[in-house]
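All values reported here derive from a predicted model rather than from experimental measurement. Note: hydrogens, waters and symmetry copies are ignored here, and every other heavy atom, side chains too, is used.
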Amino acid sequence: MASFIIRRLIASIFVLFAATFLMYLLVSYSGDPLEDLRQSNAPNKAELMEARSKLLNLDVAPPLRYFLWLGGLFRGDFGISIQNQSVNALLGNAITSTLTLVTTATVVAIVLGITVGIVSALRQYTGFDYGVTLMSFLFFSLPIFWVAVLLKQYGAIQMNNWLANPVISIPVIIGLSLLAGLIWMSLLGGHWRRRLIVFGTAAVATGLVATALSVTRWFADPTIGIVVFAFLAVGIAFGVTAISVGLRNRKALYASLIVAAIGIALYFPMMNFLLNGMTLPIFLLYAAIALVVSGVIGWFLGKPDRGPVVRTTMIVGLLVGGLIALDKYMSYWAAYSASSRVRGRPIATVGASTPGLGGNFWVQGIDLFTHLLLPTIAIILISFASYTRYSRASLLEVMNQDYIRTARAKGLTQRTVVVRHAFRNALIPITTIIAFDIGALIGGAVITEKVFGWTGMGSLFVNALGAHDPNPVMAFFVVTGTLAVVFNLIADLVYAALDPRIKVG
């Protein structure tokens, strides 16, 4: 393993050197960094041109200038931009902005895409499968700039108008109810009588919930409340246990219910006292404590099969704690929306934050969420399509293998066959797609960043390329190239972890 990693890293270093040399020459010969000054009417134009030439070493031939740039790179210095700004500072700001945007979108797209793809494969040739296939191809074919513009129009402008008086009309309630009924009916399947019962139950439940949200004007001042929180916490305990180890594992179920009960008992102390005066380190500390306490409960109750039980209780603890944090965020929604900087239009369309907003940890978190919402949805819609199709195809291929038939012949449950046997091997081709996508997305979602006014890696690259500014372009190339190499190496190692038949050596 160690020799494989060393060989791959050495080969990758030589590839990066060759690629950066070629890229530097292409950027240097693609345009004149002095073009804007040559067209200027400034009286000191000659002095400005000479100063920029010395700043960027333009008096040195590009092949030799590359080695000057490479020497600075070895010292951790990406150089100076045309505007006499440190490229290190520009790169740091761009990476922070892009990671904030891309990390959220990528994680949600991966989890949602793989989950929907697996369910679609298990419900092959049903209405749900056909619907997912249609939506996947639709999202995949949509131009990202068009999706972004539509999101700004209907996801921000029209939504902000509706939030001023958040009443759900009767036709919308009826439409939502019918849509929910169709989705649950196609998802659960079964004979026609069961389908009709599921359809009716889901439609009525959705209609009642939508009516209650409209009557109480919930979207103007949202909250979860102790009753709904308790119901959701118990539901999380049952749901996570069912997926992780199965409800037949009573030790895992009881441990998860204990974790949920602790969360319910701590709801009021957390909401009224412990979450006040919050900072990011304290928030992370609370999350770590929730994981540790949940893991300890699983450890004591999970004997002798402790590993799966600990995993289950830790997931339940994290989700229940996250639900409490979500309710605390909601408690500040009305104050955030009514602030002088937001002025009743909370869904943002431009930038990464509201200038001069101020506020505590929770208000700043809501502000970050409202600015992330639309660009994240835009990226998710495009990425979701590919993850869904690859997950479906991969799982269908695995489900036809001989060892899957053997597992079923042994009497294993459907959950065990899918989760423990099929899903792990189905992840192997998906790992390749995820590795390539993460490396590419960290390079910046150029169009999305432009439409929503995010100054990330994509904007840094495009602006520098348009200004014939070589140093920011090379900084972008080094970061994205290095990440591509690293994530491909990680993908190779994940292959070996997922499938013992694959040897890394």
Side-chain angles (χ1 to χ4, degrees), residues 89-113 138-164 219 329 333 336-337 339 341-359 363-387 437-467 472-473 475-476 479-480 483:
L90 296 175
L91 186 64
N93 294 332
I95 288 179
T96 302
S97 180
T98 294
L99 285 178
T100 303
L101 172 61
V102 169
T103 302
T104 306
T106 303
V107 171
V108 174
I110 291 173
V111 173
L112 188 62
L138 176 63
F139 292 152
F140 191 77
S141 61
L142 291 177
I144 183 64
F145 64 87
W146 187 67
V147 173
V149 172
L150 286 181
L151 286 173
K152 292 182 73 170
Q153 175 63 34
Y154 296 102
I157 298 175
Q158 296 297 333
M159 180 61 69
N160 284 328
N161 293 338
W162 178 76
L163 287 175
F219 291 96
Y329 276 117
W333 174 262
Y336 169 79
S337 181
S339 65
R341 293 290 180 176
V342 178
R343 297 192 298 271
R345 304 190 69 81
I347 309 300
T349 58
V350 178
S353 61
T354 302
L357 175 65
V363 172
Q364 290 295 324
I366 295 174
D367 186 58
L368 177 62
F369 167 78
T370 57
H371 284 81
L372 279 174
L373 182 62
L374 297 185
T376 298
I377 292 176
I379 297 175
I380 287 174
L381 291 180
I382 306 303
S383 302
F384 166 81
S386 59
Y387 291 137
D437 281 358
I438 292 177
L441 285 174
I442 292 179
V446 178
I447 298 176
T448 305
E449 290 179 7
K450 281 292 184 181
V451 174
F452 291 103
W454 281 69
T455 56
M457 293 287 287
S459 299
L460 175 70
F461 175 74
V462 171
N463 295 336
L465 202 61
V473 174
F476 169 89
V479 171
T480 54
L483 289 173

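- Here I95 contributes atom CD1 and L483 contributes atom CG; the two are 7.5 Å apart, rounded to the nearest 0.5 Å.
- A distance-only check finds a donor-acceptor pair linking the side chain of T98 to the backbone of M457 [under 3.5 Å].
- No side-chain heavy atom of E449 sits under 4.5 Å from any side-chain heavy atom of V462.
- Between A352 and L368 the shortest heavy-atom distance is O-CD1, 4.4 Å.
- Residue pairs meeting the side-chain hydrogen bond (donor to acceptor under 3.5 Å, both in side chains) criterion with at least one member in residues 141-156, sequence neighbours excluded, do not occur.
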Scan the side chains in residues 371-380 for donor-acceptor partners under 3.5 Å anywhere in the protein, sequence neighbours excluded, and list what turns up.
{"from": "H371", "atom 1": "ND1", "to": "D367", "atom 2": "O", "distance (Å)": "2.8"}
{"from": "H371", "atom 1": "ND1", "to": "D367", "atom 2": "OD1", "distance (Å)": "3.4"}
{"from": "H371", "atom 1": "NE2", "to": "S353", "atom 2": "O", "distance (Å)": "3.4"}
{"from": "T376", "atom 1": "OG1", "to": "L372", "atom 2": "O", "distance (Å)": "2.6"}

>> Walk me through whether V473 and F461 qualify under side chain to side chain contact (heavy atoms under 4.5 Å, CB included).
In response: CA-CA 5 Å; V473 174; F461 175 74; 3.8 Å; yes
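- Distance check: N160 CG to T370 OG1 gives 9.5 Å after rounding to the nearest 0.5 Å.
- Taking each heavy atom of T96 and G92 in turn, the nearest pair found is OG1-O, 2.9 Å.
- Note: I144 CD1 to I382 CD1 = 4.5 Å, rounded to the nearest 0.5 Å.
- The minimum heavy-atom distance between F384 and G113, with the atom names listed, is CD1-CA, 3.7 Å.
- The shortest heavy-atom contact between P346 and L163 is CG-CD1, 3.7 Å.
- Legend: residues meeting side-chain hydrogen bond (donor to acceptor under 3.5 Å, both in side chains) with R345, ordered by chain and number and at least two apart, are N161.
- The OG1 atom of T354 sits 9.0 Å away from the CZ atom of R341 when rounded to the nearest 0.5 Å.
- Not a single side-chain hydrogen bond (donor to acceptor under 3.5 Å, both in side chains) links T104 to another residue, sequence neighbours left out.
- Of all heavy-atom pairs between A109 and Y387, the closest is O-CD1, 3.6 Å.
- For L90, the side-chain contact (heavy atoms from CB on, under 4.5 Å) test picks out S81, Q85, L460, with sequence neighbours left out.
- Atom-to-atom distance recorded for W454:CH2 and T100:OG1 is 6.0 Å, nearest 0.5 angstrom.
- Within a 6.0 Å radius of CZ in F140, other residues, nucleotides and ligands contribute 12 heavy atoms or fewer.
- Across every non-hydrogen atom of Y336 and L357, the tightest pair is CE1-CD2, 3.6 Å.
- Annotation: F369, atom CZ; neighbour count of heavy atoms from other residues, nucleotides and ligands within 6.0 Å does not exceed 12.
- With rounding to the nearest 0.5 Å, the separation of OH in Y329 from CD1 in I366 is 8.0 Å.
- Under the side-chain hydrogen bond (donor to acceptor under 3.5 Å, both in side chains) criterion, S97 pairs with no residue at all, not counting sequence neighbours.
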